[in-house]
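In what follows, every heavy atom counts, from backbone to side chain, and hydrogens, waters and symmetry copies are set aside.
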Amino acid sequence: MGPEQASLVKVSDYFKKIIVVYSHSPLWRNKQGATIMNIFDFLLDENSLDR
């Protein structure tokens, strides 16, 4: 688990956990419930936070 994920593990499950990365990887969710998406999907898709 990277440092960007470590702080999200402590957040209550009532909040969305989204990590925006600068890579061309597809959207995915990890075991802790965080959604990882690339910066291009985040910026160009107006519904990116609804996923």
With hydrophobic residues grouped by side-chain heavy-atom distances under 4.5 Å, do L49 and Y22 end up in a single group?
yes
Any pair with a residue in residues 15-27 that passes salt bridge (Lys or Arg N to Asp or Glu O under 4.0 Å), sequence neighbours left out, goes on the list, sorted by first then second residue, please.
D13-K17
Identify each donor-acceptor pair in which a side-chain atom of residues 33-41 lies under 3.5 Å from a protein atom, sequence neighbours left out, and give them as a table.
residue, atom, partner, partner atom, Å
T35, OG1, R29, NE, 3.4
N38, OD1, F40, N, 3.0
N38, OD1, D41, N, 2.8
N38, ND2, S25, O, 3.0
N38, ND2, D41, OD2, 3.3

Interatomic spacing from CG in L27 to OG in S48 - rounded to 0.5 Å
9.0 Å
